[in-house]
Amino acid sequence: MAPLLRRTQRKNPADRTVTLIGKPGCHLCDDAQQVIEAVCAETGAGWEKKDITEDEELYRKYWEQIPVILVDGAQHDFWRVDPQRLRKALGA
């Protein structure tokens with residue numbers, strides 16, 4: 001079978017990291033954090049929060065999209081987080 005057609009092995013959700021990029025006082029960021037906390041607690045994935053106001057590169061890249069959610073460093077979502085879609089991205 002060609003390498004492109006082989007299924008890649010799924011990562012264990014516990015080996016995944018969700019990153020929330022937001023800023024203080026952002027109600028959408030607070031909503032996203034609640035969803036991320038619940039899904040990560042359920043799946044065993046780790047999560048972290050980054051403040052866009054403290055990182056010039058993140059500010060330039062994501063300012064108009066916050067909150068931005070990354071899964072293992074790749075952009076997954078912005079503005080709103082769908083819990084089912086996040087669970088699926090984590091392999092749960």
Co-membership, hydrophobic cluster, residues [X] and [Y], 4.5 Å side-chain:
| X | Y | result |
| --- | --- | --- |
| Trp63 | Ile69 | no |
| Ile52 | Trp79 | yes |
| Leu70 | Val18 | no |

- Query: Considering the options Val35, Asp77, Leu28, which one meets the side chain to side chain contact (heavy atoms under 4.5 Å, CB included) requirement together with Pro67?
  - Reply: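 Among Val35, Asp77, Leu28, the one that satisfies the side chain to side chain contact (heavy atoms under 4.5 Å, CB included) with Pro67 is Leu28.
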Interatomic distance, [X] atom [atom1] to [Y] atom [atom2] [nearest 0.5 angstrom]:
| X | Y | atom1 | atom2 | result |
| --- | --- | --- | --- | --- |
| His76 | Leu20 | NE2 | CG | 12.0 Å |
| Gln75 | Thr19 | CD | OG1 | 11.5 Å |
| Lys50 | Glu54 | NZ | CD | 11.5 Å |
| Ile36 | Trp47 | CD1 | CH2 | 7.0 Å |
| Asn12 | Leu90 | CG | CG | 10.5 Å |
| Arg16 | Thr43 | CZ | OG1 | 9.5 Å |

Residues in side chain to side chain donor-acceptor pair (under 3.5 Å) with [X], at least two apart?
| X | answer |
| --- | --- |
| Glu56 | Arg60 |
| Lys49 | Gln33 |
| Asp51 | Thr53 |

- For the pair Asp31 and Val81, evaluate side chain to side chain contact (heavy atoms under 4.5 Å, CB included) and give the outcome as yes or no after the intermediate values. CA-CA 8 Å; Asp31 293 346; Val81 185; over 6 Å; no
- Task: For residues Val68 and Lys61, determine if any side-chain heavy atom of one lies less than 4.5 Å from a side-chain heavy atom of the other.
- Result: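 SC-SC contact between Val68 and Lys61 ruled out.
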